[in-house]
Participant: 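Once you've had a glance at the structure underneath, I'll fire off some questions.
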Amino acid sequence: MDVLVTIAKFLVNEILSVPAYLIGLITAAGLIALRKSTGQILGGAIKATLGFLLINAGAGLVTSSLAPLGRMIQGATGAHGVIPTNEAIVGIAQAQFGSRVAWLMILGFALSLVLARFTPLRYVFLTGHHMLFMATLLTMVLATAGYESWIVVVLGGVLLGIMLVAMPALAHPWTKRITGNNTVAIGHFGTAGYIVAGAAGQLVGGRGKGGRRSEGRSRSTEDMKLPEGLRFLRDSMVATALSMLLIYLVMAIVYVAKVGEDTAFKAFAEDNGAAATSLGNYLMQSVMQGLQFGISVAIILFGVRTILGELVPAFQGIAQKVVPGAVPALDAPIVYPYAQNAVLIGFISSFVGGLCTLALLAWVLHPAFGLALVLPGLVPHFFTGGAAGVYGNATGGRRGAVVGAFLNGVLITFLPAVLLKVLGAFGNENTTFGDADFGWFGSLIGYAAKAGETGGIVLMLVIGAAVLAGAILVQRKVVDTGWSPGGPPEEEPEADIEAGAPEGAARVYPKLPPPAGAPTPPPPPGD
C-alpha cells in the first residue's frame, strides 16, 4: 500500500500538478496519434513544455513585481486581514492530507475523461495546478467535516470530475465569442467571474431592440483612438508598462508620506531585494518595478502563443482517438492575446472591485456576520481580472471590460470570506483559496457536508448532479446551436442565416477575428 501511495504522490506532485509536463505529454500523445516522426514528436512536446515554462516565468515576474506594490497599498491603507493565495493554502493542507489529495485528483481526472467521452461535454481539463487546487479544497472540506478517508477520495473524485468538464462548458459560449472558433476552452476555476463578466458586458455594452447594436454601443478596448503623439500606446507592452509605472509612482508617494522614509525605503528589501538608499532611489525602484511588469505580461503572451501553436494541432490526434470532438481546456492567460488592452483594464477594475468589497466587509458584513476581511491580492486580481476584462470586452466593449472585471473583483473578495466558514481550523490561517469557483463550490459542498454523513453525501451528489446537468443543458441548447452572446459584430448584417437554410434554422453568428500573432486553428481532418 505504501508503494501505491508513493507512486500516486509522485504522479500528482511531480507530473500532473506541473502544467508544463502535463501539456508536453499531451502534445506528445497527440502527435503519436497523428503518426508523426520521432523528431516531430520530441520537438512538439518540448516546444509545448517550453511555452508553459514561459507562462510560468512571466507569472513569477508578475508576482515579484507586484509584491512591493501590495506592501505599499497595505501600509498606506492600514488594512489587515486574509490574503487569498491558492499556493499557500494548498501547501499548508498538503502536510496533513497529501495522500488523500493524490488519490482524489487521480480519480477525478480519470472520471473527467470518462464524462468527456460519454457525455456532450467534450472538454479535457489540462490546467494541472488548478486540478490540484480543487482536489485539495474538496479534501479539506470533506475531511474537516469528519468523513472517512475512502469517502473523501471517492465522493471528492466524483465532484472533481464533474467540475473539470462542467465549468469549461458553462463558460464556452463566451469563450467562443472571444476566440472565434471551437479550438480551445477555458480551463480555470475563476470561471464564475468570467461568465459574470461576459453577461455584464451584454447588459452594459449598449444594444437596441431585438438584440441589434445601438448607436451608443461601447467600442472594443482594442479600438481606442489615440492622438498622434500617443500612438506609441497602441503597443500593449508599452501601455501596460507605462500604466503600472504610474500606479507604482502614485502609491510609492502616498506610502512614503504615510509611513515615513525609514519604513518606506524597506518596501523593496524583502524577497532578496535591496532597500532604497534615498528618496530618488526609492522612486526609481518603483519605476523599474512598473517596467518589469510590462515585460512579465509580454512573456506570458509569448508563452501562450507558443503553446497554442503546438498543442492545438497535436490535440486533434487525441480528440480523434480517445475523446472524439474533444476541446482542450487551458489556463486563463490563453485568452490574453485576443484583447491585450482589456487585460490591463480588467486588472485595474477587478482590483477596484476588491477594494470596494473590502470596505463592505469591514463596515457591514464583518460586524453583522463575522466574515473575515479579505484583502485584494494583486496576483489573483491580475490573472482573473485580466481574463474577466477580455470576456467583458468581447460582449460589451470597454464598458463591458470595466464592469465585468469589477464584478469579478467583488466575487473573488466576497466568496473567499464565505468559504473560510467551512474550512474548520484552516479558516484561522492568514490565507485561503482565491478564485471564484473555489469560493462558491467549496461553500456549497462545505455547508452540505454539515448535514450528517448520509444526508451530506446525498446533498453533495445532488449539487454535483445539478452542476453536470446545467452544463449539459448549456452545451446542447447554447453552445451546439451556435448562439453567440453579445450578438453579431457591429459591422455584420442582421440577416446572417445561410441562403436555402430550412425555416427555423439556428442563426450562425460571425466570428471575431483573432488578434495578430494568434495561432491559426488546424484544418478539419481530411482537408
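Just the heavy atoms: all of them, side chains too, but no hydrogens, waters or symmetry mates, feed the values below.
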Participant: Do Phe125 and Phe189 have ring centres separated by under 6.0 Å?
Facilitator: yes
Participant: Can you tell me how far the CD1 atom of Ile472 sits from the CG atom of Leu468, to the nearest 0.5 Å?
Facilitator: 4.0 Å
Participant: Determine the minimum heavy-atom distance between Ala436 and Ile412, stating which atoms define it.
Facilitator: N-CG2, 3.8 Å
Participant: Can you name the residues that form a salt bridge (Lys or Arg N to Asp or Glu O under 4.0 Å) with Lys421, not counting sequence neighbours?
Facilitator: none
Participant: Ala388 and Ala405: which non-hydrogen atoms are nearest, and at how many Å?
Facilitator: CB-CA, 4.0 Å
Participant: As a quick check of understanding, evaluate side chain to side chain contact (heavy atoms under 4.5 Å, CB included) for Met140 and Ile89, giving each step before the final call.
Facilitator: CA-CA 10 Å; Met140 291 169 62; Ile89 191 65; 4.0 Å; yes
Participant: Looking at side-chain heavy atoms only, is the closest gap between Leu142 and Arg100 below 4.5 Å?
Facilitator: no
Participant: Checking side-chain polar atoms at under 3.5 Å, does Ser350 have a donor or acceptor matched by the opposite partner on Asn408?
Facilitator: yes
Participant: To the nearest 0.5 Å, what is the distance between CD1 on Ile46 and CG on Leu50?
Facilitator: 7.0 Å
Participant: When rounded to the nearest 0.5 angstrom, what is the spacing between OG1 in Thr454 and CG in Leu459?
Facilitator: 11.0 Å
Participant: Taking all atoms of both residues into account, what is the closest heavy-atom pair of Asn393 and Ala339, and its distance?
Facilitator: ND2-CB, 3.8 Å
Participant: With rounding to the nearest 0.5 angstrom, report the CZ to CG distance, Arg476 to Leu121.
Facilitator: 8.5 Å
Participant: Counting only heavy atoms from other residues, nucleotides and ligands, does the tally under 6.0 Å from CZ of Phe414 exceed 12?
Facilitator: no
Participant: Test your reading of the model: is there a side-chain donor-acceptor pair from Tyr336 to the backbone of Phe383, 3.5 Å cut-off?
Facilitator: yes
Participant: For residues Pro173 and Val474, determine if any side-chain heavy atom of one lies less than 4.5 Å from a side-chain heavy atom of the other.
Facilitator: yes
Participant: What I'd like to find out is whether the side chain of Phe441 reaches to under 4.5 Å of the side chain of Leu159, using heavy atoms alone.
Facilitator: yes
Participant: Pair Leu423, Val141 - check side chain to side chain contact (heavy atoms under 4.5 Å, CB included), show working.
Facilitator: CA-CA 6 Å; Leu423 293 183; Val141 170; 3.9 Å; yes
Participant: What do the steps show when you test Trp103 against Ser149 for side chain to side chain contact (heavy atoms under 4.5 Å, CB included), and what is the final call?
Facilitator: CA-CA 10 Å; Trp103 285 112; Ser149 295; over 6 Å; no
Participant: Side chain to side chain contact (heavy atoms under 4.5 Å, CB included) between Val165 and Thr119: does it pass, once the steps are laid out?
Facilitator: CA-CA 10 Å; Val165 295; Thr119 73; 5.5 Å; no
Participant: What I'd like to find out is whether the side chain of Ile457 reaches to under 4.5 Å of the side chain of Glu453, using heavy atoms alone.
Facilitator: yes
Participant: Distance alone, cut at 3.5 Å: any donor-acceptor contact between the side chains of Asp437 and His188?
Facilitator: no
Participant: Side chains of Val196 and Val410: does their closest heavy-atom pair fall under 4.5 Å?
Facilitator: no
Participant: Taking the side chain as C-beta and beyond, is there a heavy-atom pair between Phe97 and Thr136 under 4.5 Å?
Facilitator: no
Participant: Are Val352 and Cys356 packed together at the side-chain level, in the sense that at least one heavy-atom pair is separated by less than 4.5 angstrom?
Facilitator: yes
Participant: On a heavy-atom basis, which atom in Pro120 and which in Gln475 lie closest, and how many Å separate them?
Facilitator: O-CG, 3.5 Å
Participant: So does Val374 get a backbone contact from the side chain of Thr413, meaning a donor-acceptor N/O pair under 3.5 Å?
Facilitator: no
Participant: Output the distance between atom OG1 (Thr183) and atom NZ (Lys176), rounded to the nearest 0.5 Å.
Facilitator: 10.0 Å
Participant: Please name the pair of heavy atoms, one in Ala387 and one in Ala332, separated by the smallest distance, quoted to 0.1 Å.
Facilitator: CB-CB, 4.2 Å
Participant: Supply the atom-to-atom distance Leu138 CG to Leu104 CG, rounded to the nearest 0.5 angstrom.
Facilitator: 6.0 Å
Participant: Where does the angle between the aromatic ring planes of Tyr391 and Tyr194 fall among parallel (under 30°), tilted (30 to 60°) and perpendicular (over 60°)?
Facilitator: parallel
Participant: Of all heavy-atom pairs between Leu160 and Ala135, which one has the smallest distance, and what is that distance?
Facilitator: CD2-CB, 4.0 Å
Participant: For His366 and Ala372, indicate whether the former's side chain and the latter's backbone hold a donor-acceptor pair under 3.5 Å.
Facilitator: no
Participant: Report the relative orientation of the aromatic rings in Phe293 and Phe382; use parallel for angles under 30°, tilted for 30 to 60°, perpendicular for over 60°.
Facilitator: perpendicular
Participant: State whether the side chain of Thr127 and the backbone N or O of Asp331 hold a donor-acceptor pair below 3.5 Å, judged by distance alone.
Facilitator: yes
Participant: Where the side chain of Arg177 meets the backbone of Ala394, is there a donor-acceptor pair that is under 3.5 Å apart?
Facilitator: yes
